[in-house]
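What follows is a single structure, written as structure tokens, with notes after it.
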2 protein chains.
Amino acid sequence: MKDHSDLACTNVHSAIQDTLYVVNGKWKLLLLSILINEGTKRFGELARASGISPRILSKELHELELNQLVSRQVCPTKPVTVEYSATPYAGTLKEVIDAMIRWGQRHKQKLVRS
Amino acid sequence: MKDHSDLACTNVHSAIQDTLYVVNGKWKLLLLSILINEGTKRFGELARASGISPRILSKELHELELNQLVSRQVCPTKPVTVEYSATPYAGTLKEVIDAMIRWGQRHKQKLVRS
DNA sequence: GATACTAGTTACATTTAGGATAGTACATGA
DNA sequence: TCATGTACTATCCTAAATGTAACTAGTATC
């Protein structure tokens, strides 16, 4: 209600859309949350922790890597393993993720009460 | 990294999924942002402000109403108008929305710089 | 050689989201 | 009576998202 020029509104609207574009879909914020809160994980660990099928997981991780939110490191183990980590830049999304976690928890409690 | 029981993780994961379930899609957070920041708006105003087609707008507003995030009031004007407002409960999502606005703005600046 | 573990990939099917277009219903004013 | 403004709704369609199942490739182990 305060700063209400058309320009300011447009910026706010497109800022939301820009964020949604980067973290679209059912899985990206969940994956980032896991990597941020639990640290580096391998492909199989992420699949088990999230319940995402390999095909989707591979695609989501690739998209997150393109946006520099996740880094991928191949480890010379036998058999080879691949470690995925949240980048420092992903940390800037923590504010969004934490807000969503808090809201989801409160929302569930509200549903239980009513 | 701190509280790392399976239960805590499960709760965190499902909390994110619960939030995503309520505010899914391209438009719900944008609509809520408009209604929260700019106040009550009519159907046509929302359509113009957001660029959403009537069919989708109607569907999104209905879903938001079901989740008690938006209230709908018919005004006895001629022709009849309908006002949509963010409910007090929608205010609890402001934290999420503001975090996404800030992130989107910073992200765009990052893209411009690099 | 068969089996298993790693990290994917490929092909296919299904579901969902979203958009385009036109039409409905009601009232007003020309 | 016809156009206009309001708020939708119905129909159809396309594209995107997601899921399932099977399969590849490299290495190690039995």
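Model, not experiment: these values are computed from the prediction. Letters go in sequence order (proteins before strands), and every chain restarts at 1. Any value given below was found using the heavy atoms of this structure, including those in side chains, with hydrogens, waters and symmetry copies removed.
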Return yes if the base of D/dG19 and the side-chain atoms of A/Arg55 contain a donor-acceptor N/O pair under 3.5 Å, otherwise no. yes
A/Val80, A/Phe43: one ILVMFWY side-chain cluster at the under-4.5 Å cut-off? yes
Walking DNA chain C from its 5' end, the first of A/Val80 and A/Pro54 to be reached, judged by nearest nucleotide, is A/Val80
What integer distance in Å separates [X]:[atom1] from [N]:[atom2]?
| X | N | atom1 | atom2 | value |
| --- | --- | --- | --- | --- |
| A/Gln73 | C/dA7 | CD | P | 13 Å |
| B/Ile56 | D/dA15 | CD1 | C1' | 13 Å |
| A/Lys41 | C/dG8 | NZ | P | 16 Å |
| A/Leu46 | C/dT6 | CG | C1' | 14 Å |
| A/Lys59 | D/dA17 | NZ | P | 6 Å |
| B/Leu61 | D/dC8 | CG | C1' | 11 Å |
| A/Glu63 | D/dA16 | CD | C1' | 11 Å |
| B/Arg42 | D/dC8 | CZ | P | 11 Å |

Take atom CD of B/Glu65 as the centre, draw a 6.0 Å sphere, and report whether it contains more than 12 heavy atoms from other residues, nucleotides or ligands. yes
Derivation of the side chain to side chain donor-acceptor pair (under 3.5 Å) call for A/Ser50 and A/Trp27: CA-CA 8 Å; A/Ser50 62; A/Trp27 302 120; over 6 Å; no
Residue-phosphate contact under 4.0 Å: [X] side-chain N/O, [N] OP1/OP2:
| X | N | result |
| --- | --- | --- |
| A/Lys26 | D/dG19 | yes |
| A/Ser58 | C/dG8 | no |
| A/Tyr21 | D/dA16 | no |

Give B/Thr81 one of three labels, base, sugar-phosphate or nothing, depending on what nucleic acid heavy atoms sit under 4.0 Å from its own. sugar-phosphate
A/Arg72 side chain, from C-beta outward: closest of D/dA17, C/dG8, C/dT6: C/dG8
Given C/dA27, D/dC8, C/dA7, the nucleotide with the shortest approach to the side chain of A/Phe43: C/dA7
A/Asp18 and its salt bridge (charged side-chain N to carboxylate O under 4.0 Å, His left out) partner, picked from B/Lys26, B/Lys110, B/Lys108: B/Lys108
Output the distance between atom CZ (A/Arg102) and atom CD1 (A/Ile97), rounded to the nearest 0.5 Å. 11.5 Å
Between A/Ser53 and A/Asn24, name the one whose nearest nucleotide on DNA chain D is closer to the 5' end. A/Asn24
